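Here the structure is laid out as structure tokens; the discussion comes afterwards.
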Number of protein chains: 2
Amino acid sequence: MAQKRGLLLVMTGASGVGKGTIRQELEKTEDYYYSISWTTRESRPGEENGVHYFFKTRDEFEAEIHSGLGFLEHAEFVGNHYGTPRAAVEEQLSQGRNVLLEIEVQGAMQVKKAMDDAILIFIMPPSLTELKNRLVGRATEPLEKIEKRLSKARGEILMAHEFKYCVLNDNVERAVQDIQAIIRAERLSAQRLTDEELSEIVQH
Amino acid sequence: MAQKRGLLLVMTGASGVGKGTIRQELEKTEDYYYSISWTTRESRPGEENGVHYFFKTRDEFEAEIHSGLGFLEHAEFVGNHYGTPRAAVEEQLSQGRNVLLEIEVQGAMQVKKAMDDAILIFIMPPSLTELKNRLVGRATEPLEKIEKRLSKARGEILMAHEFKYCVLNDNVERAVQDIQAIIRAERLSAQRLTDEELSEIVQH
């Protein structure tokens, strides 16, 4: 029988909402291909090529946009390109493997347009105050930048209807179980049944 | 905060596929209102009013069609009416309680038309041969009637794409877990988020 296409899971939400932690927990029970972004920016100390990003030249990035399969989503920040290349994702999906993207909301909306079967999961903070506490707790950014992030998060939360699922992250364990249930339910979507599978059942 | 609407779960599939057994198992962990059908046929020995059916007169049934809230689905078999009255289902849903209907495929398709948010779950047999074995094992019907049921089941299986989910019943425990995952995932549907909930999050 033809290989059944994998699920394309797009986990998104504000900075500080806990996407990374959820992904690390999810990895313990779920098999999926985690798509690593390409970027044209310089690697920072401690960052490894192929782990944190694929570090590419501007020429390589532009060649992929114009002559390769392109990007499921890409954006430019302060002169650097960032993006999710389509080729690797398509390859894994067609081999039947689930793919997880962990990306910003803007990118998730691009993936939604590019891929009909993308499953957008929005991770919701319990409140903006709680999100602020988490960002302040990280102590990696000045308060002014945090306030900008919160203002952006507010707008994203108010567009939550654009996503397919919304998972509240007030408890990591429960949030992970929620996503496990989403994956299990999505596998059961009747749209995923192939004519071959149906024939198999009625002919035996 | 306004009560969040319950989920309307419609479990359907061929006779003998195991819907009743799955429902009994599901009852142990999930709270839902199980909608009992109305019928105008005579009760059989052992059948209780309000348990197996609500036994109604033809006048009562017709009054509900024409002057009440009507039926989510109804049909006539050999001169008797059968149907799922809408009023009780709507009342439970608006109180935030999940509702489960266990009905025939034809009825499920009527509910799909009547209720946008109905979640149709098709229970799939492992094969037609296995379904035949189960029906023969029940020993309640002549072979000729069983053959008719199988021919009907074949047609229903081939229209599986009409449903939202398709759960294979080759193992009751796994099928029940599948439905539990569907219920959990459906509760997380972003469409179910109310503006009130979103305001609650951004204002705190």
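Just so it is clear, the model here is predicted, and its values are computed rather than measured. Throughout, a chain's letter reflects where its sequence line sits, starting with A, and its residues are numbered from 1.
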Nearest heavy-atom neighbours spanning Ala190(A) and Phe163(B): CB-O, 3.2 Å
Gap separating the CD1 atom of Ile182(A) from the CD atom of Glu186(B), nearest 0.5 angstrom: 10.0 Å
Donor-acceptor contact present, side-chain His204(A) to main-chain Thr129(B), <3.5 Å: no
From Ile201(B) atom CD1 to Leu168(A) atom CG, the distance as rounded to the nearest 0.5 Å: 6.0 Å
Glu102(A) CD: over 12 foreign heavy atoms closer than 6.0 Å: yes
Approximate separation, where rounding is to 0.5 Å, of Gln180(B) CD and Arg184(A) CZ: 8.5 Å
Where Ile157(A) and Val202(B) come nearest, the two heavy atoms and their spacing: CG2-CG1, 3.6 Å
Between Arg154(A), Gln177(A), Glu130(A), the one whose heavy-atom pairs under 4.5 Å with chain B are most numerous: Gln177(A)
Selection from Arg174(A), Lys132(A), Glu162(A), Arg187(A) maximising heavy-atom pairs under 4.5 Å formed with chain B: Arg174(A)
Top contributor to chain A interface from Leu158(B), Val167(B), Asp178(B) [non-hydrogen pairs under 4.5 Å]: Asp178(B)
Contact origin within Gln203(B) toward chain A - heavy atom pairs under 4.5 Å: neither
Atom CD of Gln106(B): over 12 foreign heavy atoms under 6.0 Å: no
Within 6.0 Å of CD in Glu27(B), more than 12 heavy atoms from elsewhere: yes
Closest approach of Ala181(B) to Ala185(A) (non-hydrogen atoms, all atoms of both residues): O-CB, 4.0 Å
Minimum-distance pair of heavy atoms, taken over all atoms of Leu198(A) and Ala160(B): CD2-CB, 3.9 Å
Straight-line distance of Ser189(B) OG to His161(A) NE2, nearest 0.5 Å: 9.0 Å
